[in-house]
Every structure is written in C-alpha cells, then in structure tokens.
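Letters go in sequence order (proteins before strands), and every chain restarts at 1.
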Amino acid sequence: MLLAGGKGSRLHSLTKNLAKPAVPFGGKYRIIDFPLSNCTNSGIYTVGVLTQYQPLVLNSYIGIGSAWDLDRKDGGVTVLPPYAETSEVKWYSGTASAIYQNLNYLYQYDPEYVLILSGDHIYKMNYELMLNYHIEKEADATISVIQVPWEETNRFGIMNTDSDLRITEFEEKPEDAKNNLASMGIYIFKWSVLREYLIRDEQNPDSSHDFGKDIIPLLIKEDKMLFAYPFKGYWKDVGTVQSLWEANMDLLDRDCELNLFDQSWRIYSVNPNQPPQYICPEGEVTESLVNEGCKIEGAVSRTVVFQGVTVKKGAVVKETVIMPDAVIGHNCHIEKAIVSPGVYVPDGTIIRPGDDSNEITLVSEETIGELQSN
Amino acid sequence: MNKRLLGVIDATTVHEDLHELALHRSAAAIPFGGRYRLIDFILSNMVNSGIQSVAIFPEFQYRSLMDHLGSGKNWDLNRKRDGLFFFPTSNPDKPYPGIGTLDHFADNIDFFERSTQDFAVIANSYTVFNMDFQPLLDWHIKSGCDITEVHKNGATLGIYLVKKTLLMDLITTRNETGYSNMRDVVTDIDSQFKLCYYDFEGYAVMVDTIAKYFNVSMDLLKPEVWKELFPKERPILTKVKDEPPTRYETEASVRNTMVANGGLIEGTVENSIIARGVKIGKGTVIRNCIIMQKTQIKENCILESVIVDKDARIEAGTVITAPAESPAVIRKGTVQGMRTGS
C-alpha cells in the first residue's frame, strides 16, 4: 500500500498542480518511480496506490502500471482515491485512515502480510529481505529504520530498541534523542494485526489516524512484537527545495550509493520516446546527467537535465536541476537553482545565490518575473 | 479516425552493400540514430498518419526485428481490432524479386481479404524520412490514380499506394501478368492502369549501402534535418528501454553529437552518434563515428570514421581510423585490441 496523497507544501510551486510523489527527480524519473520500481524488483506485484491531493498527473502517470511491469491479470497496480459512501465523502484524514478506508481492497486479496510505503523518498530497497526479517522475528510489525546523524534526530521519528532490535519506544522528533534510528515510513504488518488495529483506531475519536502518532505507539503500549529493520544505503526525504536539489546533486557524485546504472535493480519510469540529446558544436557538458530530447548549445556543468530541455547559446548553467521542457535563454547565468517544468527563462537572466547564502532558487512561472528584475 | 489505409511493410530486403551491418539482422532492424532501428521510420510514419493496421513481411534473420517490435505496444499497435501483423515467409528459398513481392503477399491473401481498409500503402523498411500519408491518399484519390509511386527528386522511394481490391487483383493474377513485385507494375510501359508519381519534398534517403548509412547518420547532426525527422507532433517511435540519463564526467568534451540515454562519457566526442548505454573512457577521442548500443570503448583510444556495431569492446589504446568516404565497420560483439590504421 503506497501512500501517495501527500501535498509536499515545502516544495512550494513544484507541487501546485501535482502531488509530491509525482515531482520530477533525477533527469527522467518521478519520486514515485522509486517505491514502485522497488516493488517490482522485490517481486511484489500487487500494489495499491492511495492518492488524494492533486491526483491528475499521478493518475495519468501510473496508468495501468505497465511502465513498472505492474499491468497484471492478478493484482497489478490499483489507484485508490478517497470515495463517497451513502452517508458522506470520506477524505483520508491520516495515513492510517487512508488504509482503513481501503480495507475492502485488502480483503479482496486477503494477504498474509501488508507492506506500507510512502511515495516521498528516494531509495533502492529490497522489500523481500525486510519481509524475510519480519517472518524470522515472528513480528507483528516491522519498521524499517536508518541511522541518521545525531544532530538531525529532531527531524525524524526515532525508534528506541533493545539489543535484539525490538522496539521499546517511539519518539516523534525528540529534542533529546536516545537513539539515532529514524523511521523510514516503511512498515510490514501481519495482516490480522493491521486489520485489528486499524478498526480500533478508527473507532477512537481522539486519534489523529496516523501510523506514526497513533498506531505504532498503541502497538508498543500493548506489548506487540515490533522490530526495527536496519537499512543501510541511500535514503533521502526530498520534501524541501533544498533536499530535492541535494538529492539530484548526489546523483552526480560517482561514488553515490544510489546507482541508477545498476541493471539488476533498474528504476523504471514512463518513457516519453524522445530523440537522443543533441550537443551542439558550441555546447559543453561536464559532470552532468542529460536525458533524451534535449538540445544543449550552452555550457552545462554539475547539472541534472530532464527530457526536452533547451539550453541556448552563451548560457552558463551550474549546479542546477532543469526540469522537463524548460528553456534557458541566450546568455543566461544560472547557479544553484531548480528550474520548474516548462519554464522559459528569458535571455540574459542571471540567477545565483547571494554572497553569503547557499540558498537554492526555485525558478517557476510565478517567480521568473521577480527574479529577472533583481 | 482514418480507417481507410492499411500499412504493408516489406522487411525482406537484404542488401549486399549493407552486409557488414546485416549479418545478424535484416536491413529493417539495423540500429540507427542512437536509439532507433531503420523500420521505426516507416512504422511511425504509418501510425502518425492514422494507420491502425500494419502487416510486416519479414524474411531471413528476423529475430532482432521480432524482439524490437514485440506486440507493437510502443507504436500503439497492440490492438484488439487491427494492430500489428507479422507474416514470415513460408518459402525462404525463393529468390527475392524486390519491394512488394506479390508471391509473398499471396501466401497471406487472407489478411488482405479480411482487412476493412480501402487502400494500402506498401513500403520498404529502410527509408529514413518523416512523411504523412494522408496528403498522399487525398492526392491519389483526387488525381484518379490506380497506383501511385512515391518519388524523391525523380527517383523511386519504394513506396506505393494502391486500392486494396486492385492489390488483391494484382496478387491473384501475378502468374498471368508476370508482375512479381510493385516495381514491375509501375514500370510496365504497356500498363492498363493509371500510374502516378508523387514527389515527396522532405528529407528521405533509402539506406542501402554503408556509405549512405554513414552519411544519413551524419545528416542527423544538421539541425534542419534533425528538426524535419523528429518533430514533436510526429514523433519517431521505438522500443523504449529503461536507461537512466546519460552521464558526462569532468573530463568529458562533447560537441556536435547526438547521444542516447544510459551512456557514460569521460572522453572527447565530436561529430558522432552515440547510442544507448555506450561507455567512452578517459583520454579517448572519437570523431565522425557511429557507436551502437552498449559498446564499450576503453581509455586512450582514437576512433575516426568508424561504425562500431552493438556490444563491441575496444580495448585501451586502440587506434582505428578510416577515410570519411569509406568508414570502417567493427562487427557486433567483437573485441578490438590491436593497433590498426590505414
């Protein structure tokens, strides 16, 4: 069950018309390609995608799931939007209520285990190994965790465990963390346990119907078998303009743990079928990722360039993410920015962070006029 | 939408002059332009012209063609009604008489009988062009033609438009008339039919020699040709792969080059076509080359005017140069490690 209804408001105008999981990433992907490809690569072929906020782009992107080989006779991908019942329309008020509203979908398959994912993170993970761990520990629920730097523990949900990695306490964004194992928002439940707790949670009027805030604490309180599954590897929440930019820049690092070139764990996406990129006689591209359908006449370095982008003559682009179909005009100078999809950056525009600032500029239709006059 | 046209692609052609590139594949399946195969042009043109039923007649090495086309999904031809049809020859020993072999069609006459379209476009599989067949059909009907042959600068492009009922007559009467292919029909000076020639004004080249293959590939680097062949509204479709974007390293220097996805470039590349998943090592210089899918070129090589077929491996320090008029060809899957030159 892939929770893909998030608004991602800290991504500002990037999520004005689409949900966070549909935000472009890495030169050709959308964020949701990562969990969906992980599912396929892990041998999970029955995936429910729960949508709510601005679902149009996401719905048409997912389609029948063929891009991820999830167009199946049995199972496959099913988009699960909120729906109306005889009495009222039930919006998903929290992560737990979203799954609760779709219990019928789960009853239909009556699985032994349910994997709950979020569509907000960039990572490659074999869920099958996590499931094996869950079975081996005879756990009621297993939560995937990753070690985060101690100074950042106040940004995450922290799991305190005993020596056997059994979870004894869950602290949401603690000021004084006892541990640095952060929840990755990836859960495996025994179906019978999940069902019981979702139904109980729904009946509790004081609950906010959230896995992190309500379900997990209740499971711990009632002494259920909860285990932390330690994940090692690349994992990044791309919830802010800064972190989205950083994650894109990480890909330019040759030693980056997130290897997109690994054929045994491909990240699948909807391919737009565009001609190869054309690097013009005046063009210059170094330390960059460039997708098909681009035309590069300017100088591009340490930049991620999505499909259909044009960089015109005399333009210099550094440490930037240029999203699909954007055009960088003649003699522009752009540094440390994210250029939104389809934006036309007029000739001669200069965008660079101030002298003592490292802030990433988000270039969008709304901000382009303002940026030019500065 | 338009259901009047049926597409027929003759993919049986074998050209002696393309031999080096066609050892394991038919001309239709020769990789082109970094991510395409030659057949993508005619097939996409048909689909972009609203044709929903396409018959492909392959011969000889058709494994790579089958693998490429699959169910026709990438061309939106995996349909319940109409779609993509594949008719391998039932008699591989017969000599090949030319584009639009009536014998070959006769073996599959049922297909023509069953199809509901009124007209058929019969085309070869190895022309690089982007053409809308609708204006051709309108012109053909308006001019009251029986058979129209498409020309470029007065020479045939091996593409014919004919009413389906007439095509079926030509097939069934081939032994009496002596016509063995469509070219015979349109070159008969005593023909009882109204024969027409339609001049196509856009870019179009039949790729039947290595030299043409090389030159047409290099033409892709001209913006006016590129624009004409790959307009957004009439895309050339192909089998998509899930390759990541191409990665350019610090030492990369790439100019006037087309690069497909999945590549890793650390060297210098000029005036070249680089296909999907190609690796080019540090210190290597590549000029006027066509490098096909998944070929690896190690460090400090020099390649000039070379066509390197798929999955080849060029060991470090290798030098291969050839004159631009007669480019060298490195065969599919081979390893080159010795210094050669000319």
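Of all residues spanning residues 260-274 of chain A, those with a heavy atom less than 4.5 Å away from chain B's heavy atoms are A:Leu260, A:Phe261, A:Gln263, A:Arg266, A:Ile267, A:Tyr268, A:Ser269, A:Asn271, A:Asn273, A:Gln274, arranged by number.
B:Lys310 NZ: more than 12 foreign heavy atoms inside a 6.0 Å radius. Within a 6.0 Å sphere centred on CD of B:Glu201, other residues, nucleotides and ligands contribute 12 heavy atoms or fewer. Within 6.0 Å of NZ on B:Lys282 lie no more than 12 heavy atoms contributed by other residues, nucleotides or ligands. The number of heavy-atom neighbours closer than 6.0 Å to NZ of B:Lys241, taken from other residues, nucleotides and ligands shown, is above 12.
Note: B:Val240 leads B:Leu264, B:Asn74, B:Val240 in heavy-atom pairs under 4.5 Å with chain A. Ranked by heavy-atom pairs shorter than 4.5 Å toward chain A, the options B:Thr250, B:Ile273, B:Leu237, B:Ile274 are led by B:Thr250. Annotation: maximal heavy-atom pairing with chain B below 4.5 Å, among A:Ile296, A:Leu252, A:Leu289, A:Leu251, occurs at A:Leu289. In terms of heavy-atom pairs under 4.5 angstrom with chain A, the leader among B:Glu270, B:Glu249, B:Lys239 is B:Glu249. Counting heavy-atom pairs closer than 4.5 Å to chain B, the top residue among A:Gly293, A:Gly283, A:Gly27 is A:Gly283.
Neither the backbone nor the side chain of B:Leu220 comes within contact range of chain A, judged by heavy atoms closer than 4.5 Å. Within the 4.5 angstrom heavy-atom criterion, only side-chain atoms of A:Ser66, from C-beta onward, approach chain B.
Using a cutoff of 4.0 Å between basic side-chain nitrogens and carboxylate oxygens, B:Arg255 and A:Glu282 are not scored as salt-bridged.
The shortest heavy-atom contact between B:Tyr36 and A:Pro275 is OH-CA, 3.1 Å. Closest non-hydrogen pair, B:Gly33 versus A:Pro276, comes out as O-CG, 3.1 Å.
Within the structure, side-chain hydrogen bond (donor to acceptor under 3.5 Å, both in side chains) pairs that include any residue of residues 286-298 of chain A comprise A:Glu287-A:Arg302, A:Asn291-A:Gln307, A:Asn291-B:Asn261, A:Glu292-B:Arg35 (at least two apart or interchain).
Residue B:Thr257 holds its OG1 atom at 8.0 Å from OH of A:Tyr278, rounded to the nearest 0.5 Å.
Taking 4.5 Å as the limit, every side-chain heavy atom of A:Phe306 sits out of range of all side-chain heavy atoms of B:Pro245. B:Val254 places none of its side-chain heavy atoms less than 4.5 Å from the side chain of A:Val285.
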